[in-house]
Amino acid sequence: MPDSDTKSPEIPKAYDPKAIEARWADFWVKEKLAEPEASSKKPPFVIVIPPPNVTGSLHMGHALNNTLQDILIRWKKMSGFDALWVPGTDHGGIATQNVVEKLLKSEKKSRYDLGREKFLERLWQWKKESGDTILMQLRRLGCMLDWSRTHFTMDEKCSQAVLRAFLDLYKKGWIYRGKRMVNWCVRCRTALSDIEVEFEERKDKLYHIRYPILSGKADGWQGKPLVVATTRPETLLGDTAVAVHPDDPRYEKIHGWWVQLPLVDKEIAVISDAAVDPKFGTGVVKVTPAHDPADFEMGERHHLEQVVVIGFDGKMTPEAGRYAGLSREECRKKILEDLEAQGLVEKIEDYPHSVGTCYRCGTVIEPLVSDQWFLNTKEMSKEAGDATRKGGVKIFPDSWTKPYLLWMDNLRDWCISRQIWWGHRIPIWYCVPGEGPEHPSLRTSCPPVASADSPGKCGRHGDRSPEETAGQHFEQEPDVLDTWFSSALWPFSVFDWPDPVPEFKKYYPTSVLVTGHEILYLWVARMVMFGLAFQKKVPFSQVFIHGIVRDKSGKKMSKSLGNVVDPLVMMEKYGTDALRFVLASQSVPGRDLQISDDSFVGARNFANKIWNMSRFVFMNRGTGPASKDAPLELCDRWILSRFQETARSVTGSLESYNIAQASRTLYQFLWSEFCDWYVELAKARMKESLWILEQILSGSLRLLHPIMPFITEELWRGLGRTGSLLLEEYPEPEPKWMDKEAEEQMAVLMDVVSAVRTVRSEMNVPPGNKIALVLSVAEDSQKSFYQEHLSYIRHLCKAENISIGKGLAKPLKAATAMVRRTQIFVPLEGLIDFDKEKTRLAKEVQGLEADLEKLKARLSNPDFKKNAPVEEVQKAEARQAESAEKLGRMRDLIASF
RNA sequence: GGGCAGUUAGCUCAGCGGCAGAGCGUCCGCCUUACACGCGGAGGGUCGCAGGUUCAAAUCCUGCACUGCCCACCA
């Protein structure tokens, strides 16, 4: 018996991804297959990568995001498009600065110890190491990125784009500086925008605190304190009023009274404001204008004093008197102790509520008043919303359109300044006299100057004599821009705007943006706004939103939870194609992905199955030439038809971004149809089948290539082809090979074979034993059909001496007896009851016909078309077409019996 | 408080008007000359609950329950 391993020593029995992956990844780069053909007449298909932050290495979310993009790029390239995928990385603002600060911490240093310049040097050094790692890892994933266009959000070109964009917006008056309450992270020591705050549900306490009443002797209030409810007793030190709802009958007599602020020698007024919810707590609220956004606004309305008791470092300020220097948490504890001591705590309730935290470090946000730069997005967001409503930006799945528009329509001004050092320094210059407060704006009375370079003079001092302006110099705004500012320019900064490369016209707007829903507002919405503002065109016409990678139990993967599945480890262990297949086959539109270590085994096995199926074909090529001219018989017609249907379905799924469906269709076809049935049948008639085997294999490799590029390239070579699959055409379904009759007939035979196998198994006939088979059919007319395909049944059931008769039905007991003589009797009457099937189908056809009649009547009614909403009419028409098509299919099916 | 998903086999999930499915796990039998990372077979389901529409509902509509996510100045 010839051993297959000695027969083809160069093809190992088990697929070993490691042996080939690096080779192909290099090949694609070396052959410049990812570079577009700008001068070709092919229509462009362009994706710009969501640039990973340079914070470390590739995680599963990156692997998913980039696998999906690569699938689209490869598919479109094979489908005749001029495909371009632009790579790059993001400086990542706070996220990256935090990473380096953590490194410094291990050296027991802070960024202030190093100073701005030295600290930035460290960051650039880190960027160099981390950024290139990520790009290399993307290459290992197989990503067909055009590396010659790699950008970094802080490189020279992107910085030019940021500068230009800032100055344009500043000139329009949309960027302004203002003293506002912002979300302050006391750990990162910077302001954050509203969407950079993440709310976290916490089991907290609601403290009811007594504020003694000082004035008034109206009925019922003698000696009683006013009780306020708060979750933050420590802010009491900054209270400048208490408030009630104007129409609250319980408190209508006490408006304008005075109460004693506990622990502080201070009297504060009772004000009335409609923002107070009478149903909350006691209906009385303490007002701390310096430390709560709602109170801040209330303070503005009532001209209340702002008493800052918590500083930018999260510690109590000197204003907090004897509590100064304590942290927020310590202060709360101390305050409560002191209040208890004075009997001023009425009660403490459990109170679950959500607390704002920093999206980068998780520290509880402190609302603080500070000077910040803001971008008024009113006009931009309106334009962006309208563009989306008009269909200029289509979001898949559509369920995200509504929340996206809701956000866009309710935008408040964007706080774009950050008090960190890593990022684009704001191009504003102040003309200042000399030493003084830290921030240059506090040292000058001159208006700030927006400029690309350090300006030589400001508007006010420009025409004065040098003596008058002695000591005057210019200092740049120390703040940097929110990292998402440069991200919002990404779709055109990668093409070197404001001095774009010549092919910019062809490649902008891009085709599709592929991203997870967690940055829909943070990034996608802002790209649309900036695209319209600076290019007058939306940056992409489609947005493909994929899910978030979660662990086995549905939790988000995070280092702190220790539930991360590292894509690099999985690639190493199971192969990159297996990783890609897992991610692809789990990417159901609108759903998050749940991935665990063992998700990969199935995908690895699938790769191995394809490997061995191909190996089988290769082995048989050696036995003789494939005969193109062998007449096609049923199983050939069947598999050819199934292949066309598979190609049709896969393309359709890809077009609607249903990557999971495309992957599963291919899996099902290759394993359960091609391998399990056709390849088995082919063994009995290799000479006649070889050509079809090769055809289907070659087509399948092409169909599968975008999802599993490595193994398919390797097998393509094994098939004796040269070049890359990327240069081959993506299979299109050919109607001439569609064969409903063959599919129906094969389905019947497959059912028969299954039935026989079941009986064999139930009767404990060893798989190796041949059996004699008696098939009992319902009608004489069916005999010829089975007779004609006896060889299939013989081969797949290991049967010989098959006899077919009509009405041979006997109880299964009889079959048992017969098995002893290795004869199996299989009644087919019950298995495939043609009459019953026909009746069922006839009923369905009747239903469809009735439905169609009704629709027709409705649509031909002129009143309906006139009065019904447009969508209603369209829906009816669509349903009519659908039903008609289905009816046709049904009738064909019945006819095939 | 508002919005959006989800609830289908022991587990993870497809299906989304026309015969309830896959992978994994379980059980039985097989190293059948591509593959034991494999082959054949079996068992396993009131499709969350309650109504409604329909000739026909896991699928469409209404309500409810639970889970998750997003949004909101829950002091």
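We name chains A, B, ... by the order of the sequence lines, and we start the count at 1 in each one.
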At what distance, to the nearest 0.5 angstrom, does CD of A/Glu744 lie from CG of A/Leu749? 11.5 Å

Just call it for A/Gly847: base, sugar-phosphate, or nothing, with non-hydrogen atoms closer than 4.0 Å on any strand. base

Once hydrogens and angles are ignored, does a donor-acceptor distance under 3.5 Å link the base of B/A56 to the side chain of A/Gln846? no

Nucleotide paired to B/U7 in any strand shown, Watson-Crick or G-U, under 3.5 Å: B/A65

Partner lookup for B/U12, please. Criteria are Watson-Crick or G-U wobble with both distances under 3.5 angstrom; report none if nothing qualifies. B/A22

C1' spacing across the pair B/G51 / B/G15, given as an integer number of angstrom: 25 Å

Mind checking A/Leu406 for me? I need base, sugar-phosphate or nothing, with any heavy atom below 4.0 Å counting as a touch. nothing

Is any N or O donor-acceptor pair between the side chain of A/Lys13 and the base of B/C35 shorter than 3.5 Å? no

The side chain of A/Ser761 is closest to which nucleotide in this list: B/A14, B/G40, B/A75? B/G40

Pairing check on B/U54: which nucleotide meets the Watson-Crick or G-U wobble criteria with it, both distances under 3.5 Å? none

Below 4.0 angstrom from OP1 or OP2 of B/A75, is there any side-chain N or O of A/His353? yes

Does B/G41 have OP1 or OP2 under 4.0 Å away from a side-chain N or O of A/Ser754? yes

Under the 3.5 Å rule, do the base of B/C4 and the side chain of A/Ser399 count as making a donor-acceptor pair? no

Angle between ring planes, A/Tyr678 versus A/Phe674, binned at 30° and 60°: parallel, tilted or perpendicular? parallel

Can you check whether A/Gln594 has a side-chain N or O nearer than 4.0 Å to OP1 or OP2 of B/C13? yes

On RNA chain B, nearest-nucleotide positions of A/Ala14 versus A/Arg232: which is more 5'? A/Ala14

OP1 or OP2 of B/A75 under 4.0 Å from side-chain N/O of A/Thr288: no

Closest to the side chain of A/Arg664, out of B/C13, B/G40, B/A75, is B/C13

Phosphate-side-chain proximity, A/Lys609 and B/C39, N/O vs OP1/OP2 below 4.0 Å: yes

Taking 4.0 Å as the cut-off, does a side-chain nitrogen or oxygen of A/Trp611 come that near to OP1 or OP2 on B/G38? no

A/Ser672 or A/Ala275, whichever maps to the more 5' nucleotide of RNA chain B: A/Ser672

Cation-pi, A/Tyr521 ring and A/Arg526 (6.0 angstrom, 45 degrees): no

Give one of base, sugar-phosphate or nothing for A/Glu680, where a contact means two heavy atoms less than 4.0 Å apart. base

If the P atom of B/U46 is compared with that of B/A65, how far apart are they to the nearest Å? 24 Å

With rounding to whole Å, what would you report as the distance between B/G18 and B/A36 at their C1' atoms? 40 Å

Verify whether one side chain among A/Ser193 and A/Glu196 offers a donor that lies under 3.5 Å from an acceptor in the other. yes

Under 4.0 Å, heavy atoms only, any strand: does A/Val228 hit a base, just the sugar-phosphate, or nothing? nothing

For residues A/Tyr404 and A/Trp400, establish whether the separation of their ring centroids is below 6.0 Å. no

B/C47 and B/U59: how far apart are their C1' atoms, nearest whole angstrom? 10 Å

For A/Tyr351, which contact category applies under a 4.0 Å heavy-atom criterion: base, sugar-phosphate, or nothing? base

Given the P atoms of B/G3 and B/A72, what is the spacing between them in whole Å? 15 Å

Give the minimum heavy-atom separation between A/Ser672 and A/Trp677, together with the two atoms involved. O-CD1, 3.1 Å

Take atom P in B/G21 and the same atom in B/G45, then report the distance between them in whole Å. 14 Å

Looking at A/Asn605, I'd like to know whether one of its side-chain N or O atoms comes within less than 4.0 Å of OP1 or OP2 on B/G38. yes

So, OP1 or OP2 of B/C69: does either fall under 4.0 Å of a side-chain N or O from A/Arg550? no

Say you pick atom C1' in B/A57 and the same atom in B/G52; how far apart are they, in whole Å? 11 Å

Side chain of A/Thr758 only, please: which of B/G41, B/C35, B/A75 is the nearest? B/G41

If you only use heavy atoms from C-beta on, which nucleotide in B/A34, B/G3, B/C71 is closest to the side chain of A/Lys402? B/G3

Contact class for A/Arg604 (heavy atom, under 4.0 Å): base, sugar-phosphate, or nothing? base

Taking the minimum atom-to-atom distance to the side chain of A/Val276, which one of B/C73, B/A75, B/C74 wins? B/A75

For B/C73 and B/C61, measure between their P atoms and round to the nearest Å. 32 Å

Return the CD to CG distance between A/Glu680 and A/Leu796, rounded to the nearest 0.5 Å. 7.0 Å

So A/Asp676, base contact, sugar-phosphate only, or nothing? Heavy-atom distance under 4.0 Å. sugar-phosphate

Is it true that the NZ or CZ of A/Lys609 lies under 6.0 Å from the centre of A/Tyr15's six-membered ring and within 45 degrees of the ring axis? no

